[in-house]
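Not measured: the values here are computed from a predicted model. Keep in mind that the numbers below use all heavy atoms, side chains included, and drop hydrogens, waters and symmetry copies.
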Amino acid sequence: MVVTKGPLTGAIASSNSGGSFGAELKYAGYDLVIIEGKAQKPVYLWINDDRVEIRDAGHLWGKNTQDTTDMVRAETDEEAKVACIGPAGEKLVLFASIMNEMHRAAGRSGVGAVMGSKNLKAVAVVAAARLSAADPAGFKEAVLRARQKIQSHPVGGAGLKAYGTDVLINILNEIGSLPARNYRDGYFPTADKVGGESFNGPEPGSSKRLLLLYHKLRPGKPK
C-alpha cells in the first residue's frame, strides 16, 4: 500500500498493489517506509536487511519500469523486489503508477507522480531471513479457520477463484456501488459486458494463494 497526498485532489491518496514487495519489506524487518523531502538528483533506495543506502539513479532516469527493474537487480541482488516509476512518474503525470515486480501496479491516485516529485526512481528490497510466528500451532489454526470461512463464501471461494476481482463488477453494480463516471454514479448500464463472468478462458493467478485476485486473459476477436 502506498499512501500520499494525492496529486489530483490534494487529499489523502491510497493505492494498493499485489505481489511480494510488501512481504519482502516485512521480512527485512520493516513495517513501512516513510519518504520525506526531495532528493537533489534522481536516486533509488536500496534496502538489504538492516543496511539501507540511497544510490544514484541518474542512469536510470528516463528508463521504463521493466528496464529499471532489471538494472536495479543487476546492481543490487537478482532476488530483490523492486518498486519503481517510469517516464510518466518522472514527468509528474497525475495518474502515473508505481510498478513492482514488473507487472504489479499501484495504479490508483497518481502515486507514481509523487515518487517522481521526490526524484525517487525506485525502492528495492531483499531479505536474508524469513519471519516465524511466536505460536506456530496457534497461527496455523487461525489461518485454517479463516480459510474455511473465506472458501465457504460464494464470492470469496468460487467467485474470486474463477474470475478474480472482476467478479465484483456485477455485484457492486447491482447494489449501486460501482464507481461510474468519475464516481458521479454508482451504476453503469453495460457493466455486465466487462464483468468477470463475460470473459472466456481465464487462467488462474497463483495456486499458492488463498484468494486468487487476478487472471490472465487470452485475447479473442474484437466485436
Side-chain angles (χ1 to χ4, degrees), residues 1-26 28 30-48 51-78 80-126 164-166 168-169 172 178-186 188 194 213-214:
M1 175 181 288
V2 183
V3 179
T4 72
K5 182 178 180 180
L8 278 168
T9 64
I12 295 175
S14 175
S15 189
N16 300 328
S17 179
S20 53
F21 180 91
E24 194 75 14
L25 188 67
K26 179 64 176 177
Y30 305 91
D31 293 316
L32 56 87
V33 176
I34 299 174
I35 308 294
E36 295 181 331
K38 177 182 178 179
Q40 293 182 349
K41 60 182 182 178
V43 298
Y44 72 90
L45 184 63
W46 166 229
I47 303 171
N48 184 357
R51 289 196 299 112
V52 180
E53 302 174 29
I54 297 175
R55 295 189 174 185
D56 179 75
H59 60 301
L60 302 173
W61 209 250
K63 302 292 185 182
N64 63 35
T65 54
Q66 292 91 344
D67 290 342
T68 297
T69 298
D70 285 338
M71 293 173 71
V72 169
R73 284 175 173 167
E75 296 175 11
T76 56
D77 191 299
E78 288 297 333
K81 310 301 180 185
V82 181
C84 61
I85 58 172
E90 296 170 1
K91 296 176 181 178
L92 311 186
V93 174
L94 296 180
F95 48 86
S97 301
I98 298 173
M99 303 298 295
N100 61 285
E101 293 147 80
M102 297 288 193
H103 62 278
R104 298 294 195 149
R108 187 184 300 132
S109 330
V111 292
V114 178
M115 274 187 71
S117 74
K118 295 177 177 292
N119 278 334
L120 180 61
K121 179 64 174 177
V123 178
V125 59
V126 75
T165 50
D166 277 348
L168 299 174
I169 290 178
L172 294 174
L178 183 70
R181 300 181 181 89
N182 293 318
Y183 273 97
R184 284 180 291 174
D185 299 314
F188 200 79
V194 294
L213 302 182
Y214 75 98

Check: Between Val123 and Val33, is a side chain to side chain contact (heavy atoms under 4.5 Å, CB included) present by the stated rule, with each step listed?
Finding: CA-CA 10 Å; Val123 178; Val33 176; 5.5 Å; no

Next item on the list: For Tyr30 and Val52, run side chain to side chain contact (heavy atoms under 4.5 Å, CB included): C-alpha distance rounded to whole Å, both residues' side-chain angles, the deciding distance at 0.1 Å, then the answer.
Entry: CA-CA 11 Å; Tyr30 305 91; Val52 180; 3.5 Å; yes

Check: Where do Ser15 and Met1 land on the side chain to side chain contact (heavy atoms under 4.5 Å, CB included) test, with the steps shown first?
Finding: CA-CA 6 Å; Ser15 189; Met1 175 181 288; over 6 Å; no

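In the displayed structure, Gln40 atom CD is contacted under 6.0 Å by at most 12 heavy atoms of other residues, nucleotides or ligands. No more than 12 heavy-atom neighbours from other residues, nucleotides or ligands sit within 6.0 angstrom of CD1 on Ile54.
Formation of a donor-acceptor pair under 3.5 Å by the Ser109 side chain with backbone atoms of Ala13 is not found in this model. Formation of a donor-acceptor pair under 3.5 Å by the Asn64 side chain with backbone atoms of Asp67 is found in this model. Checking side-chain atoms of Glu101 against main-chain N and O of Ser20 turns up a donor-acceptor pair under 3.5 Å. Between the side chain of Thr4 and the backbone N or O of Val114, no donor-acceptor pair lies under 3.5 Å. Of the possible donor and acceptor atoms, none in the side chain of Arg73 sits under 3.5 Å from a partner among the backbone N and O of Thr68. The main-chain N or O of Gly37 is found under 3.5 Å from a side-chain atom of Lys118 such that the two form a donor-acceptor pair.
The two residues Val125 and Phe21 come nearest to each other via the heavy atoms CG1-CE1, 3.7 Å. When all heavy atoms of Ala39 and Asn119 are compared, the pair lying nearest together is O-ND2, 2.9 Å. Taking both residues in full, the closest heavy atoms of Trp61 and Gly116 are given as CH2-O, 4.3 Å, listed atom of the first, atom of the second, then distance. The minimum heavy-atom distance linking Val72 with Leu60 is given by the pair CG2-CD1, 3.7 Å. Met115 and Ala83 make their closest contact through CE-O, 4.2 Å (heavy atoms, listed as atom of the first residue, atom of the second, distance). For the pair Asp56 and His59, the tightest heavy-atom approach, listed with the atom from each and the gap, is O-CE1, 3.3 Å.
Remark: Ser17 pairs with Asn100, Arg104, Ala106 by the side-chain contact (heavy atoms from CB on, under 4.5 Å) rule, at least two apart or across chains.
Considering only heavy atoms from C-beta on, Trp46 stays 4.5 Å or farther from Glu75 through its side chain.
Note: Ser117 OG to Lys38 NZ = 7.0 Å, rounded to the nearest 0.5 Å. With rounding to the nearest 0.5 Å, the separation of CG in Asn48 from OG1 in Thr76 is 8.5 Å. Rounded to the nearest 0.5 Å, atoms CD (Glu53) and CG (Leu45) are 9.5 Å apart.
Between Glu24 and Lys26 there is no salt bridge, since no side-chain N of the basic residue sits under 4.0 Å from a carboxylate O of the acidic one.
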Can you list, pair by pair, the side-chain donor-acceptor contacts under 3.5 Å of residues 84-98, counting residues two or more places apart and other chains?
{"residue": "Glu90", "atom": "OE1", "partner": "Gly62", "partner atom": "N", "Å": "3.0"}
{"residue": "Glu90", "atom": "OE2", "partner": "Gly62", "partner atom": "N", "Å": "2.8"}
{"residue": "Glu90", "atom": "OE2", "partner": "Lys121", "partner atom": "NZ", "Å": "2.6"}

